[in-house]
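Structure first, commentary second.
Protein chains get the first letters and strands the later ones, always in sequence-line order, with residue 1 at the start of each.
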Amino acid sequence: MRLIISEKANAAKKIAQFLAEDSVRDGKHRSVPHHTFTWKGEECVSVGLKGHVLNPEYPEEYSNWQKVEPSSLIDAEILKSVSEKGVAEAIRALSKKADSVVIATDFDREGELIGVEALSLSFEANPALMDHVERARFSALTKGEVTRAFEELVEVSRELAAAGEARQDIDLIWGATLTRWVSRATKRYGSAFLSVGRVQSPTLVLISERERERRAFNPEPYWEIEANLRNGEAFGARHAAGRFKDEAVARTAYENMTDVATVTEVKEKSATRPAPTPFNTTGFLTAAANIGISPSRAARLAEDLYTDGYISYPRTDNTVYPKSLDMREVLGQLKRVEGVGEYVDGLLAKGELTPTRGKKETTDHPPIYPTGHVSKNALRDDQWKIYQLVVRRFLATLSEPAKTLRTTVRLESGGEPLVSGGTVVTHEGWLGVYHYGRRADEEMPKLEEGQPVRVEEKEFLAKETQPPSRYGQGRLLRVMEDLGLGTKATRPSIIQNLYDRGYVHDDPVVPTETGMAVARALKDFASEIATHEMTAELERSMDEISEGKTSKDAVVDESRDVLRKVYEHLQSSETEFADIVWDGIREDSILGPCKKCGKNLTIRKAKKSGKRFAGCEGYPDCDQTYSLPPRGEIIPLGTLCDACGSPEIKVVSFGRRPWITCIDMSCPKQQERRQAIAEARAAKEKEAAAKAAEDGDAEGGDGASKKTRAKTTRKKPAAKAAAKPKGAAAKEPVKSTT
DNA sequence: GCAAGGTC
């Protein structure tokens, strides 16, 4: 029997289907499925792994963080433990019955390594297989590619696998050594440890540097003049000079303006907005981030939709649909998707369907597209959002470009030049189905040169330049990709990791003081791990290993040498390093001033119970304390409650919407909040009961009830709502902005 | 209780 090992269950199934000369018999070893068939007269069994089946780790005797000197991890032996027990058992059992093995994992570095991992299990169970190994290299999971690959079997590339192993070892050696050193130097033990890694640390530095720039930013004042004009309809305009740097000049211009303006020029310009390109992973995750779903959650949701057969494989770099993809067949499926049926009919009625193409073309997987129909009722809210996003994007890529018309109007009032304008969509095209982030039309009244219009109101606005904006999670994902940090599959979890470690919070991403301190200390004392250059260098070395120009051992040993130097430098700067981080940690624990004595209230741990509470730095002179929520991350907001005057915090705990509260449980506002929660819960239960009783008419009733629920539970923090007055103008139907 | 990389 010939054993065929691929990277995932789905691939194993497809390979069997493509190669089978007879029917495919599905079987299972425990819970691991395999597929038996005949190829070239020989019995074959195709089985899928679950990605990596082995994980590098240190021997048992290194497991105690306190007793083991972190530097000993630099040269310690690295073992490989089985991380997927069930799969490993299945491989061993099937190997015993096999006469030969074909490795059919993904055609890339990690794929080669995964294949070699599987082989080590195979040989362990059946050493005779060692001389009967072949490799199938296909770059697309299509019948043509797979059969070709099996006709032209090659050898496993030990060099390519070794390159992957070098990455594994280096990541573990650096990550474990420095994580332990930093945690020990700052006395952060247990779940409070501070992590360091080749990808996460440069990412944290990126976020922190941006925050530093923001803090160092010197806002410069400038002045703007806006006016509300009317010619039958009202419309907005602003002074053509834009930003005035000199207040006096601006003031003079403002005073010059009279209550009438004359149109000096009307220009119209049409533009084409091309339809968006097909989704690859990064494109998909950033689009999801733009509708408020974090990359890690979007990746999870997409994975579920993929396993259920509703969308294609969600980890791909490709932005060009393969020729083999039958667009009409997919459209036929999508006809029944709620809300897009008519649009699909419109597309089907067109003669030829020409999809857009992105810049990146690979053949490993197609871009992400919907593979099946699913009804809204069958999915949870967030799943439906993601499914819709994929469906609408797919439809958009088959649609015509949109056309817009931009009207620019120049005017003059009291010798001062004004400008106004607006853009409207003249041909919807893809905008008719992919409405994410679409702007409302800005209609301009009909105006002609020389025409007088009334200046109803003029405004003199004092403003300030703004610091560079923080990274949104989507933006961060893009920047990481540009710098070569992480992979399409790991970036979401790396970002999530920074949240889980308490290095960052919120979206756009804000570093905590602890996060900023760790980033700065690493940059100052271990700069090698703090920039993306380490990854770039590693990539170069891995290429050399895979080309046979150097060996894995040489590369890893050289990396060890560098780490030893870094470690020495860290050791000699231990107190400085710890002081920087402690300052950050302390800053994060400050909640605000104590009502009793004015000193700082900080987050502390009770000696006996280990429970956290808010205590005054003036203790023992001041005995003011407050109890704090037992679970979740506490983020001091630096604001005081307007009802009781105690500091306000944000609490972020797993599986719950973050909430903002003051720390005084007896505050009248808190009582109110608790009552509101109780009421909302009661209403929800009542609603659920009503729904259960009703049980029909799911669509209308469902949507409506969700809306009301969102309204009752989501209370906007006052501080945040006030911070962003932008976009207020957009609410006025005819006002335009330029 | 370490990293990052696959896949569920």
What is the distance, rounded to the nearest whole Å, between atom [atom1] of [X] and atom [atom2] of [N]?
X	N	atom1	atom2	answer
Leu305(A)	dC8(B)	CG	P	14 Å
Asn10(A)	dG6(B)	CG	P	18 Å
Leu194(A)	dA3(B)	CG	C1'	15 Å
Asp171(A)	dA4(B)	CG	C1'	5 Å
Met542(A)	dG5(B)	CE	C1'	11 Å
Asp364(A)	dT7(B)	CG	P	10 Å
Ile78(A)	dA3(B)	CD1	C1'	11 Å
Leu538(A)	dA3(B)	CG	C1'	12 Å

Plane angle bin for Phe525(A) and Phe577(A) - parallel if under 30°, tilted between 30 and 60°, otherwise perpendicular | tilted
How are the rings of Tyr567(A) and Trp181(A) set to each other: parallel, tilted or perpendicular (split at 30° and 60°)?
-> perpendicular
Applying a 4.0 Å non-hydrogen cut-off, can you work out what [X] is touching in the nucleic acid: base, sugar-phosphate, or nothing?
X	answer
Arg491(A)	nothing
Lys8(A)	sugar-phosphate
Gly486(A)	sugar-phosphate
Gln200(A)	sugar-phosphate
Thr307(A)	sugar-phosphate
Asn55(A)	base
Val196(A)	sugar-phosphate
Ser493(A)	nothing
Tyr313(A)	sugar-phosphate
Pro56(A)	base

Does the distance from a Lys or Arg side-chain N to an Asp or Glu carboxylate O, for Glu558(A) and Lys552(A), drop under 4.0 Å?
-> no
May I ask you to decide whether Lys549(A) forms a salt bridge with Glu159(A), counting only side-chain N to carboxylate O separations under 4.0 Å?
->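 The answer is no: the pair does not qualify as a salt bridge.
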Judged by nearest nucleotide, the residue sitting upstream toward the 5' end of DNA chain B, Gly190(A) or Thr490(A), is Gly190(A)
Earlier contact from the 5' end, DNA chain B, for Ser63(A) and Val53(A) |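 So the residue in question is Ser63(A).
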Between [options], which nucleotide has the shortest distance from any of its atoms to the side chain of [X]?
X	options	value
Ala9(A)	dA4(B), dC2(B), dC8(B)	dC8(B)
Ile114(A)	dG6(B), dG1(B), dC8(B)	dG6(B)
Glu7(A)	dA4(B), dG6(B), dG1(B)	dG6(B)
Glu303(A)	dA3(B), dG6(B), dC8(B)	dC8(B)

N/O (side chain, [X]) to phosphate O (OP1/OP2, [N]) under 4.0 Å:
X	N	answer
Arg501(A)	dG1(B)	no
Arg167(A)	dG5(B)	no
Ser183(A)	dC2(B)	no
Arg198(A)	dC2(B)	no

Mark yes or no: Arg393(A) above the aromatic ring of Phe284(A), with NZ or CZ under 6.0 Å from the six-membered ring centre and no more than 45 degrees from the axis.
->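 The answer is no, since Arg393(A) fails at least one limit relative to Phe284(A).
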Among Ser81(A), Ser120(A), Ser83(A), which residue meets the side chain to side chain contact (heavy atoms under 4.5 Å, CB included) test with Leu54(A)?
->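 That would be Ser120(A).
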Check step by step if side-chain hydrogen bond (donor to acceptor under 3.5 Å, both in side chains) holds for Trp174(A) and Ser559(A).
-> CA-CA 9 Å; Trp174(A) 281 73; Ser559(A) 183; 2.8 Å; yes
Check if the side chain of Asp169(A) and the base of dA4(B) share a donor-acceptor pair of N or O atoms closer than 3.5 Å.
-> no
